[in-house]
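Computed over heavy atoms, backbone and side chain alike; hydrogens, waters and symmetry mates excluded. On a predicted model such as this, the values are computed, not experimentally measured, just so you know. Below, read A as the first sequence line, B as the second, and so on, with proteins coming before strands; counting in each chain starts at 1.
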Number of protein chains: 2
Amino acid sequence: MAATETLTAERILEATEEVLRRYGPAKATVVDVARALGVSHGSVYRHFRTKAALREAVTERWLERNVTELRPYAEGPGPAAERLTGWLEHLFALKRQKAGGDPELMATFQVLIGENSAVVDRHVEHLVAQIAAVLADGVRDGVFAAGDHGVTATARAVFDATDRFHDPAHAADWAAPGIEDDFRAVVSLVTRGLRA
Amino acid sequence: MAATETLTAERILEATEEVLRRYGPAKATVVDVARALGVSHGSVYRHFRTKAALREAVTERWLERNVTELRPYAEGPGPAAERLTGWLEHLFALKRQKAGGDPELMATFQVLIGENSAVVDRHVEHLVAQIAAVLADGVRDGVFAAGDHGVTATARAVFDATDRFHDPAHAADWAAPGIEDDFRAVVSLVTRGLRA
DNA sequence: GGAATGACAAATATTGAAATCTGTCATCGG
DNA sequence: CCGATGACAGATTTCAATATTTGTCATTCC
């Protein structure tokens with residue numbers, strides 16, 4: 001039906017996301033994706049060497065959106081301390097919203113995450129770099145101390161310390177009552193630890 | 001063969017642990033446990049109402065050992081700051097050792113953990129209480145600040161912030177190079193955050 | 001010429017019948 | 001009398017036959 005438009009990697013990725021959303025990671029097949037696009041599955045293989053590569057590309061796209069959403073905090077103006085808490089709160093809110101709003105989609109996402117740890121590692125690098133940018137501003141302004149092992153190591157420590165509030169592995173906890181308090185307590189502990 | 005000894009809950013738990021170790025969580029059956037003890041499976045049901053209850057008891061025993069191992073840091077003498085880092089390091093070392101030394105056993109353990117979240121929650125309470133005891137000593141001695149929301153909330157924040165280094169969900173990461181540095185960076189950040 | 005197709009082999013997943021396991025309980029034996 | 005037994009029904013798991021999917025490639029079509 002959509003055979004009029006040319007088949008691009010982008011269109012295949014959109015269809016794949018839709019198929020994953022509808023059937024889940026276990027049942028979504030390349031044939032399903034091709035059917036959704038009204039083409040033969042052979043055509044999909046022209047754009048993606050394997051099913052794994054296709055799923056990896058979807059995962060990458062998905063994660064990339066988070067980085068984009070958080071960029072304002074990393075680059076935006078304002079005091080570094082507020083930008084850091086804003087960044088952490090926004091990340092947690094994003095994740096919680098996704099996990100709470102559509103648990104099945106979150107489960108699908110978690111499977112993809114598990115399949116593509118290399119992609120995830122690269123994504124974590126991006127996020128840590130965003131934290132590091134905020135920390136660097138804070139150090140420059142004298143509100144944060146440069147950590148014992150450099151800003152990047154400290155940024156990673158901030159990311160690791162808040163792991164429970166952004167790692168999909170903990171998504172099941174995010175609906176628990178009191179999780180907000182736990183989050184605030186950790187953020188408070190971490191920001192105290194950063195103070196100059 | 002061991003039919004001479006009386007059948008106790010304790011002996012059943014030992015046999016169950018052995019069976020779990022040998023066959024893994026998916027294959028370990030109540031019949032296997034009974035066979036290992038040389039009794040009928042009906043006898044096992046005299047001591048544990050269900051297979052789930054049996055597994056829960058094993059999980060509880062397993063976790064209890066950790067609490068015992070860490071008690072010296074919680075109660076022992078010495079400066080609170082050193083006891084805290086010692087406690088955190090010992091916990092991480094314990095977990096890493098188990099995960100690295102016998103990955104299959106760790107996987108088994110992780111399945112049991114997942115099945116028995118109520119038991120795990122109680123166990124976490126115990127661990128947080130141990131941290132809280134150290135923090136309370138530190139506050140008394142003037143080396144730690146009482147957190148904004150009380151010692152227990154702060155203790156939980158310490159536990160949460162170091163989650164990546166004790167939660168079995170992250171066991172796969174514990175063999176990565178640089179994990180030691182990551183751990184030290186988080187502990188450093190946290191202890192800074194606690195200082196009076 | 002270059003993108004799209006669909007037949008095909010090998011790998012993977014599904015299915016349903018057979019086997020095993022869980023949990024109960026009437027009976028046994030010390 | 002009281003713990004242990006094993007036969008049993010219903011639930012779950014296993015296994016092997018069957019069907020689907022993945023990935024390739026010679027051929028088709030624009």
Side-chain angles (χ1 to χ4, degrees), chain A residues 1-60 104 107-108 110-112 114-116 119, chain B residues 1-60 104 107-108 110-112 114-116 119:
Chain A
M1 23 186 72
T4 54
E5 296 177 52
T6 54
L7 187 61
T8 63
E10 184 63 21
R11 284 189 61 222
I12 293 173
L13 287 176
E14 265 159 33
T16 306
E17 227 180 284
E18 175 58 20
V19 167
L20 280 167
R21 201 185 302 274
R22 183 166 301 168
Y23 301 125
K27 296 282 182 66
T29 72
V30 176
V31 171
D32 290 331
V33 173
R35 189 165 28 236
L37 289 163
V39 300
S40 75
H41 75 280
S43 299
V44 173
Y45 280 97
R46 174 164 301 283
H47 294 266
F48 295 94
R49 265 192 4 278
T50 63
K51 181 190 187 183
L54 178 56
R55 282 171 168 245
E56 187 178 308
V58 169
T59 308
E60 201 155 18
E104 284 191 40
T108 295
Q110 248 168 281
V111 170
L112 292 185
E115 279 172 3
N116 298 286
V119 171
Chain B
M1 24 185 77
T4 55
E5 295 177 52
T6 53
L7 188 61
T8 62
E10 183 62 21
R11 285 189 61 222
I12 293 173
L13 287 176
E14 266 161 29
T16 305
E17 226 179 286
E18 174 59 19
V19 167
L20 279 166
R21 201 185 301 274
R22 183 166 301 168
Y23 301 124
K27 295 283 183 63
T29 71
V30 176
V31 172
D32 290 331
V33 173
R35 189 165 28 235
L37 289 163
V39 300
S40 75
H41 75 280
S43 300
V44 173
Y45 280 97
R46 175 164 301 283
H47 294 265
F48 294 93
R49 267 194 359 279
T50 63
K51 181 188 185 184
L54 178 56
R55 281 169 168 248
E56 187 178 308
V58 168
T59 308
E60 202 155 18
E104 284 191 39
T108 294
Q110 247 168 282
V111 171
L112 293 186
E115 279 171 3
N116 298 286
V119 171

- Message: Can you tell me if B:S43 touches the phosphate of D:dT5, counting only side-chain N or O atoms and a distance under 4.0 Å to OP1 or OP2?
- Response: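 Yes, B:S43 has a side-chain N/O under 4.0 Å of OP1/OP2 on D:dT5.
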- Message: Nearest heavy atom decides the nucleotide; on that basis, is A:R46 or A:K27 closer to the 5' end of DNA chain C?
- Response: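 That would be A:R46.
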- Message: Assuming nearest nucleotide by heavy-atom distance, tell me which of A:A26 and B:G42 is located more 5' along DNA chain C.
- Response: A:A26
In Å, rounded to the nearest 0.5 Å, how long is the span from [atom1] of [X] to [atom2] of [Y]?
X	Y	atom1	atom2	answer
B:K27	B:T29	NZ	OG1	11.0 Å
B:L7	B:H47	CG	NE2	4.0 Å
A:T16	A:L37	OG1	CG	7.0 Å
B:L54	B:L20	CG	CG	8.0 Å
A:R11	A:E14	CZ	CD	8.5 Å

Separation of atom [atom1] in [X] from atom [atom2] in [N], rounded to whole Å:
X	N	atom1	atom2	answer
B:H47	D:dG3	NE2	P	9 Å
B:K51	D:dT12	NZ	P	11 Å
A:F48	D:dT24	CZ	P	15 Å
A:R35	D:dT22	CZ	C1'	14 Å

- Item | Side-chain (B:R55) to main-chain (B:N116) donor-acceptor, under 3.5 angstrom |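 Checking the backbone N and O of B:N116 against the side chain of B:R55, no donor-acceptor pair under 3.5 Å is found.
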- Query: Nucleotide range of DNA chain C contacted by chain A, 5' to 3', under 4.0 Å to a heavy atom?
  - Reply: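 With heavy atoms of chain A under 4.0 Å away, the range is C:dA3 to C:dT14.
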- Describe the nucleic acid contact of B:V30 in one word from base, sugar-phosphate, nothing, applying a heavy-atom distance below 4.0 Å. sugar-phosphate
